Amino acid sequence: MRFARYASVALLLAAGAVWQSVAWAADDGIPVNRDRYANRSLLPDFTATPCPDNPRGLTQIRGNLYRHTTGGGLAVHSGLVLVTNEGALVIDPAMTCTATWLRDEIRRRFNVEVSYVVNTHAHADHISGSQVFQKDGALVVANQRALEPIVGEKIPTAIPDRVFDRDMTITLGGETVQLHRVASSHSDSMSMVLFPGYKALQCTDVCENRSMPYNDFLDFYYDGWIETLDWVAQQDVDVIDVGHYTPATKADELALRDYMVDLHQQVLDLVRAGQSWDQLYRSVRISDEVKKWTAYETMHTLNVLGMYRWVSNHRRGEW
Ligand SMILES: [Zn+2]
C-alpha cells in the first residue's frame with residue numbers, strides 16, 4: 001500500500017518533469033492554416049543562386065545571444081540569434097543561399113536545431129531563407145499584416161506558422177522573447193523583437209546606425225516611424241540590431257529621429273512655400289553630422305524624394 005503510494009507520487013513527479021520540459025518551448029501566437037496557401041504562385045528566389053563567396057558570420061553579442069550576418073559592406077543583412085538548450089531562434093535569415101550554412105553552423109557549434117524563425121517584416125531581402133528552416137521543423141513567426149504581402153507579392157519564402165496582432169511572447173529554453181507591433185513605419189508589418197534578458201532589441205530597417213534610411217523610404221509611413229523611434233527610446237536596451245551594417249544604440253536612434261523630423265519639417269515648409277521638386281531638392285539643408293553617415297552620398301537626395309512624396313500625399317493645401 002505504502003509502496004504503491006510512493007510509486008504513484010514518483011510517477012506524478014516524472015510526468016510533471018516531462019510536462020515541464022515540453023512547456024518550456026511555448027508561444028501565444030495565432031496559428032495559421034498554411035494549407036490555404038499550398039498552391040500559391042511564387043516568384044523566382046533571387047537569393048537562392050549558390051553564393052559560396054558571399055560573406056557570412058555568426059558572432060556573440062553576449063551570453064546566449066548572437067548575431068548572424070550575410071553579405072558584406074553596404075550589402076550586409078543581419079539578425080539576432082538566441083541559442084538555448086531547447087533550440088535556437090533566428091531572426092530574418094535574409095538569403096536562401098546562406099540559410100543552410102546558418103542552420104549547419106548552429107548545429108555544429110551548439111548541437112541544437114532552429115525552433116523558431118522570426119520575420120521582422122514582409123520584405124524579401126530579410127525573410128528569404130525562412131522556408132529552409134520551416135522545412136526542418138522550425139515555426140516561422142511574423143506580424144499578421146505580413147501575410148497579405150508575402151502572398152500578394154508572391155515572395156518565395158515561408159508562409160508564417162504563427163502570427164500576432166499587437167504582442168506575442170515566445171518562451172524557449174527558459175528564456176523569453178517579446179514581439180511587439182508599434183505602428184506602420186517601414187512597411188505596415190514591422191515587428192520589434194525584444195530580448196529582455198540581454199537588453200537587446202531587433203529593430204530592422206526602422207532603426208539605423210549613423211546610416212541613411214534606404215533609398216526613397218520604400219514602403220514608408222512617416223508618423224508611425226517617429227512613433228516607433230519614440231517607443232525604442234523608452235525600452236531598457238543597450239544594443240540594437242538594425243538588420244544591416246553594425247549594431248546601434250538608443251543614442252543613434254535619437255540622432256535618426258532628429259534627422260527625420262528635420263527633413264519632414266523642411267520639406268513641408270518648402271512645399272507650402274510653393275517650391276517645385278526641381279527647386280525643393282536643392283533647397284533642403286542637411287547637417288554636417290548627417291553628411292558623415294554611411295551611404296549619405298547615394299541616399300540623401302532619394303530620402304528627400306521619399307519625404308516629398310509623403311508630404312505631398314498628406315496635405316490638402318488651402319482649398
Ligand atoms: Zn525592409
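Whatever order the structure lists ligands and atoms in, that order sets their numbers, starting from 1. Bear in mind the structure is a predicted one, so any value in this text is a computation, not a measurement.
- Atom ND1 is the N/O/S atom of His123 found closest to the Zn ion (ligand 1).
- Not one N, O or S atom of His126 sits under 2.8 Å from the Zn ion (ligand 1).
- Checking Asp125 against the Zn ion (ligand 1), every N/O/S atom stays at or beyond the 2.8 Å cut-off.
- For His121 and His126, the side-chain atoms include no donor-acceptor pair closer than 3.5 Å.
- Nearest N/O/S atom of Asp205 with respect to the Zn ion (ligand 1) is recorded as OD2.
- Looking at Ser78 and Asp241, their side chains do bring a donor and an acceptor atom within 3.5 Å of each other.
- Of the options Thr49, Thr98, Thr70, Thr47, a side-chain hydrogen bond (donor to acceptor under 3.5 Å, both in side chains) to Asn54 is made by Thr70 and by none of the others.
- Side-chain atoms of Met260 and Pro213, non-hydrogen and from C-beta on, do get closer than 4.5 Å to each other.
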*asked:* Pair Arg181, Asp165 - check salt bridge (Lys or Arg N to Asp or Glu O under 4.0 Å), show working.
replied: CA-CA 7 Å; Arg181 168 185 162 80; Asp165 180 10; 5.2 Å; no

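- Considering the Zn ion (ligand 1) as centre, the angle to NE2 of His186 and to NE2 of His121 is 100° (10° rounding).
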